[in-house]
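Before any comments, here is the structure.
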Amino acid sequence: MSGQSNYVPTTAFGKWMHARLPIYALMKETALDFPTPKNLNYWWTFGGILAMMLVVQIVTGIVLVMHFTPHVDMAFNSKELITRDVNYGWLIQKLHETGASMFFIAVYIHMFRGLYYGSYKAPREVLWMIGVIIYLIMMATAFMGYVLPWGQMSFWGAKVITNLFSAIPFVGPSITTWLWGGYSVDNPTLNRFFSLHYLLPFVLAAVVGLHIWALHVPGNNNPTGVEVKSGQDTLPFHPYYTMKDSFAIAIFLMFFAFWVFYRPDYLGHAINYQQANPLVTPAHIVPEWYYLPFYAMLRAIPSKLGGVLVMFGSILTLFFLPWLDTSRVRSGTYRPLFKGLFWILVIVCILLGYLGSKPAEGNAVWYARILTLYYFVHFYVFLPILGLLESPKPLPSSISDDVLAKSKKHALAPAE
Amino acid sequence: MKKLISLAVTGAVAGLVLAGVSGMARAAEEQKVAKNISFSFEGPFGTFDRQQLQRGYKVYNKVCSNCHSMNLVSFRNLAEAGIFNEAEVKALAASFEGKYKADPDDTGEVKDRNGLPSDHFPAPFANEQAARASNGGAYPPDLSLLARARPGWTGIINQLFWGSGGPQYIYSVLTGYNETPEEGVTCGEGKAFNPYFAGGPCIGMPANGTLSDGGLEFDDGAPNKIEDQAKDVAAFLAWASEPHMEARKSMGFTVMIYLAVLSVLLYLVKKRIWADAH
Amino acid sequence: MSTTDHADHSRRDFLYIATGAVGGVGAVLTAWPFISQMNPDASVLALASIEVDLAPIKEGQAVTIKWRGNPVIIRNRTKKEVEDADAVKLEDLKDPVARSAVAKEGDPATDANRVVKGHENFIVMMGVCTHLGCVPDGNSPLREYALVEGTAKTGGWFCPCHGSQYDTSGRIRKGPAPENLAVPPYKFLTDSKIQIG
């Protein structure tokens, strides 16, 4: 964003504007001409998909606020009446509700892509850490949004999660009272969550701006993990990646639309179609699917404070990741041992999610403990040691060499 | 690419197995899995059968509404969905004589008035306490969203293929009173054994939700055994829980076709553009 | 440049244009639900008609009721008020059009066109000043607008915001308002009961 650009305006208006606010030059430089490695695969399209999802959530959210009443006596009915009476309310409400799940699916793929290809390694540490902050803001935003329809799961989810803070020694109870604005989750809680749920997405948008800025300094990582060496290695972002991203977005929208139009209740909880009742806890309360691995960790630890610390620790660990991974090779493609451990980590996270959806009884608790332990061992033991033990495969000398070699292989083996 | 595909397939298979196991486990530990009867509104093109909804409304109105409220549904919704026409709905609403409170008149007196199409269905009890007092301590839940709030079965795969089974749950509970309790299960006074009931296995609602064979005559002469009435009212509650279901499915079809065409076009554009990239 | 190159070019251009067109149409169609949601919802539309009992309104009295969120003024006019309204010449009116949903569109602003035949004593009109939407006051001492010389002064309506004055038929006579007070669609269900909307 240095403002230097080879853009020369041609029209009279273009010249006039360029002398006053060179916004087109900035756009051209940062978005259109931005040199992007030519070998990015489809896992890299999730950045664009996430940007689109943020816009979808903000637009549908603003519309919902026009019709929603944040009051404990009316919130549940007002959300329902949006779906019944407001023109296309059923569509917009479902887009927002399902959109949250789509947003998290995309962010998890985006994060695991970064983990696999070593996108957190120097010089992209700050880019990665801003990403972790984005993820934290997303979790807070989604949690508070889930409370707003004031169903049974909304209420009890809010109660359980806010109670996490009561685990903090000495000041915990005062903090929860402060969060609630009372002695339980009640109208003041609903109102502040509504306010913050409206605010945080805009904070998120600003932090996404920083994320993109931090991306533009070192430029994209790529599947080989080899830095860009010459113009040979890159393509301008537009039209190459705008079109590739557009195609990926269209496919992703089909996936999104399937849930909205054909299985609208699948990703939510049936019990949330029942109005919140502060006197009756549902038999089996679980958070939304995207929190399940953390929920499993929370319940795996037989101490209240311990569980909370482990749960938050599992996310904070990601902040240290750039320094925990000692390998000089960036991409998992050239790290045979790392590759295996990466897939084990993916499975561990999925299994933790599965355990998070089950009642915490019997063996399930033990499985969750073992998997939680493995999660931390992966980051604090395996990654530091691996860099010293592993002998990576030879790296290609440059991105364009790798692309050439691959296309030659294709040409030689057309039967594949 | 081949590797990615094989990985994706492995992951999907593992997920399916897990999901299947979890579904069975959960179904076993809670209520009995609902009877999977089929309805006209299932599937990607399913629509409501208006005749059936008319019958279902009659069952609700004559039987269910004696104890259950349905606060989110208005008389006008019946006309909007084409279950009755405008005039019928107006007459129907007006037949609820004195069930609603008028605005205060000039002297400040609040008089009773008849129903209007814009009114929500009247509730049988003024509040939860009154409802419990009249029903042996049990609270008959509001029916507006029951078909979505109570799944008939669980399991990630079951629900993906068959939906949540809410209407089937309602049907199963209404027709599930004649099963023999497992050993050791006895229900207290005023409770009946019903393995399908979510809060079960003992339910406060009297046998078959007080439906009886031939207890209601339908205007269209449709069969009226308990099972038929239960199915009709389950369909009616499914409609009540999601009045815009038909709009959702028809728009969904258009959207899917559109996105498929757009994806193909974008893929071709992308391929063209990338053709000269290497 | 060979002909195949040309064909290739035009095929490519067609593909780009087709994709752009399909994408553009989709964007426009997607925008519609987000615009439409701001229109009155089904519950608001359902309240679009109300019934009013006129029996309690004695001669010389007026009531204001709410219809679609706006005040509707219903006045049981005295004989004198009706006569005064009838006596006004059309050429003296600022707005010669009836603005009445109980008459045909564009009908002249005679008093007869602003009331229902057989119920001339009842004037039913929107209490919304046609200037900027304030509620004209039927009890203000200032409402006795100065009529054209030679005509009687009787009560009409005076808008407190910017001083518009309406006569006993609700027609604009003085002040910044451009149009007569609108008469909403209504009909008599019985001799003493109307349905507005």
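Reckoned from all heavy atoms, side chains included, excluding hydrogens, waters and symmetry mates.
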Which pair of heavy atoms, one from C:Val102 and one from C:Asn113, lies closest together, and at what distance? CG2-O, 4.0 Å
In the structure I gave you, are the side-chain heavy atoms of C:Met126 and C:Ile73 within less than 4.5 Å of one another anywhere? no
SG proximity flag C:Cys161/C:Cys134, limit 2.5 angstrom: yes
Bottom line for B:Ile273: the part with an atom under 4.5 Å from chain C's heavy atoms is both
Is C:Glu179 close to C:Lys94 at the side-chain level, that is, under 4.5 Å between some pair of heavy atoms? no
Between C:Lys187 and C:Lys193, is there a side-chain heavy-atom distance shorter than 4.5 Å? no
Pull out the residues in residues 257-264 of chain B that come under 4.5 Å of chain C, heavy atom to heavy atom, sorted by number. B:Tyr258, B:Leu262
Does C:Cys129 reach the side chain of C:Tyr166, with side-chain heavy atoms less than 4.5 Å apart? yes
Which of B:Lys101, B:Arg76, B:Arg113 passes salt bridge (Lys or Arg N to Asp or Glu O under 4.0 Å) with B:Asp119? Answer is B:Arg113
Would you check if the distance from the ring center of C:Phe122 to the ring center of C:Tyr186 is below 6.0 Å? no
Does anything in residues 77-100 of chain B get under 4.5 Å of chain C by heavy atoms, and if so which residues? B:Glu80, B:Lys90
So, do B:Asn135 and B:Cys67 sit near enough that their side-chain heavy atoms are less than 4.5 Å apart? yes
Does the ring of B:Phe39 carry B:Lys231 above it, NZ/CZ under 6.0 angstrom from centre and within 45° of its axis? yes
